[in-house]
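The structure appears below as structure tokens.
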Protein chains: 2
Amino acid sequence: MAKRPPTIPDSELDVLKVLWERGQATVREALETLRAAGREWSYATVATLLDRLESKGLVTSDRRELAFVYKPVITDQEVRTRRVSSLVDKLYEGEPGLLVLHLLKSHPLKPGQAKEVRAVLDSMLGEAAGKKRDKDR
Amino acid sequence: MAKRPPTIPDSELDVLKVLWERGQATVREALETLRAAGREWSYATVATLLDRLESKGLVTSDRRELAFVYKPVITDQEVRTRRVSSLVDKLYEGEPGLLVLHLLKSHPLKPGQAKEVRAVLDSMLGEAAGKKRDKDR
DNA sequence: TCTATCCTAAGACAACTGTCTCACAACGTC
DNA sequence: GACGTTGTGAGACAGTTGTCTTAGGATAGA
């Protein structure tokens with residue numbers, strides 16, 4: 001029964017991001033934010049995209065004043081998780097570890113981040129095991 | 001000038017995977033492999049997909065005997081790297097570290113892999129810096 | 001040579017994306 | 001009350017993806 005989640009095309013994602021940033025927006029507000037960010041869309045385009053997002057159930061609209069105000073229903077984390085899962089399934093045999101390994105080799109992290117990652121890893125690898133190290137530099 | 005890389009839809013990706021596995025294949029061979037893996041496509045569908053891959057320059061064909069034999073031009077690593085970069089750009093502000101962090105939280109690794117990852121991290125974090133720890137369990 | 005196979009070429013066709021035009025309703029102002 | 005502004009609705013239209021049909025060339029055995 002489980003209906004599989006709707007896909008989110010890139011252009012819809014751009015609009016959704018605006019809603020995440022601002023919490024909510026009318027078509028015009030979204031348009032302006034997008035323009036400021038370099039997207040040269042027309043009003044109608046943004047309206048269509050919001051409309052499509054709504055029919056997928058990813059945003060809701062609510063006509064408060066003159067215009068409809070759109071709010072995201074899905075969170076950014078949710079979208080990220082879906083995308084990552086789909087990537088892992090399609091290209092990493094369902095093994096998140098393979099993706100991490102690949103990432104480290106092909107997209108080197110900044111040292112600060114690398115340390116942060118290591119710290120997280122340590123704490124996952126057993127609160128007991130990792131404790132004596134961790135302050136070592 | 002740089003023409004941006006062609007997109008690879010999911011169904012084409014499935015076909016490409018067959019070529020990576022076998023090194024090369026005719027339409028019929030690919031079809032059979034895909035059938036064995038559960039894809040219920042018709043011969044023509046697979047032929048179309050290979051054709052589209054070829055017009056995108058991702059595979060080449062070469063009529064040796066009766067049928068065309070297709071070989072991948074792009075490697076699996078290349079495709080993975082592209083997909084990951086695009087994900088990082090679109091949803092992680094271009095910061096691979098954010099993706100890694102998210103991955104660790106939302107898609108927990110098996111301990112074996114976690115250790116492997118930590119080891120990689122250690123060696124990246126400076127052969128000098130990480131040396132006094134590393135044998136600690 | 002006739003016929004059953006296997007292959008390719010050409011393209012159909014619906015769903016989804018990306019983007020826009022146009023007609024029309026509601027609102028505020030003179 | 002006529003007008004410009006802002007907003008919506010409906011839908012156009014080309015390009016991409018997913019999948020298949022059909023026609024016709026080459027091949028191989030009866």
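Scope of the values below: all heavy atoms of this structure, side chains included, with no hydrogens, waters or symmetry mates. Each chain gets a letter, A, B and so on, in the order the sequences are listed, and its residues count up from 1.
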(message) If the threshold is 4.0 Å, N to carboxylate O, is there a salt bridge linking B:Glu78 and B:Arg82?
(response) yes

(request) Would you indicate what A:Arg39 reaches in the nucleic acid, counting non-hydrogen atoms under 4.0 angstrom: base, sugar-phosphate, or nothing? (result) nothing

(request) State whether B:Asp122 and A:Arg118 are salt-bridged, where the test is any N-O pair (Lys NZ or Arg NE/NH1/NH2 against Asp/Glu carboxylate O) under 4.0 Å. (result) yes

(request) Could you say whether B:Glu12 or A:Asp51 is positioned toward the 5' end of DNA chain D, judged by the nucleotide with the nearest heavy atom to each? (result) A:Asp51

(message) Let's see if you get this right: which residues in residues 15-31 of chain B place a heavy atom under 4.0 Å from DNA chain D?
(response) none

(request) Pull out every residue in residues 54-62 of chain A that has a heavy atom closer than 4.0 Å to any atom of DNA chain D, ordered by number, or say none. (result) none

(message) In this structure, how many angstroms lie between the P atom of D:dG18 and the CG atom of B:Leu34, rounded?
(response) 14 Å

When you compare the protein's N or O atoms with those of nucleotides 20-23 of chain D, which come within less than 3.5 Å of each other, and at what distance?
{"unit_1": "D:dC20", "atom_1": "OP2", "unit_2": "B:Ser42", "atom_2": "N", "d": "3.1"}
{"unit_1": "D:dC20", "atom_1": "OP2", "unit_2": "B:Thr45", "atom_2": "OG1", "d": "2.6"}
{"unit_1": "D:dC20", "atom_1": "N4", "unit_2": "B:Thr48", "atom_2": "OG1", "d": "2.6"}

(message) Rounded to whole Å, please give me the gap between CZ in B:Arg63 and P in D:dA26.
(response) 9 Å

(request) Return the set of residues passing ring pair (Phe, Tyr, Trp, His ring centres under 6.0 Å) with A:Phe68 (not counting sequence neighbours), or none when no residue passes. (result) none

(request) Please report the closest heavy-atom contact between A:Leu31 and A:Trp41, naming both atoms and the distance. (result) CD1-O, 3.3 Å

(request) Decide whether a cation-pi geometry holds between A:Arg80 and B:Tyr92; the criteria are a distance under 6.0 Å from NZ or CZ to the six-membered ring centre and an angle within 45° of the ring axis. (result) yes

(message) Less than 4.0 angstrom from a charged side-chain N to a carboxylate O is my criterion; do B:Asp10 and A:Lys90 meet it?
(response) yes

(message) Can you confirm whether B:Ser85 sits close enough to B:Val88 that some side-chain heavy atom of one is under 4.5 Å from a side-chain heavy atom of the other?
(response) no

(request) Return the minimal non-hydrogen interatomic distance between B:Glu12 and B:Thr7, and the atom names on each side. (result) OE1-O, 4.4 Å

(request) State which residues pass salt bridge (charged side-chain N to carboxylate O under 4.0 Å, His left out) with A:Lys105; sequence neighbours excluded, sorted by chain then number. (result) none

(message) If we ignore hydrogens and angles and just use 3.5 Å, is the side chain of A:Trp20 paired with the main-chain N or O of A:Val15 as donor and acceptor?
(response) no

(message) What range of DNA chain C does chain A touch, first nucleotide to last, counting atoms under 4.0 Å from its heavy atoms?
(response) C:dT17 to C:dC27

(request) For A:Ser106 and B:Thr81, work out which heavy atoms get closest and say how close. (result) CB-OG1, 4.2 Å

(request) Identify which one of A:Val46, A:Val27, A:Thr26 satisfies the side-chain contact (heavy atoms from CB on, under 4.5 Å) criterion when paired with A:Tyr70. (result) A:Val27

(message) Taking the basic N atoms (NZ, or NE/NH1/NH2) and the acidic carboxylate oxygens, is any pair closer than 4.0 Å for A:Arg35 and A:Glu40?
(response) no

(request) Specify the residue among A:Phe68 and A:Arg52 whose closest nucleotide of DNA chain D lies further upstream toward the 5′ end. (result) A:Phe68

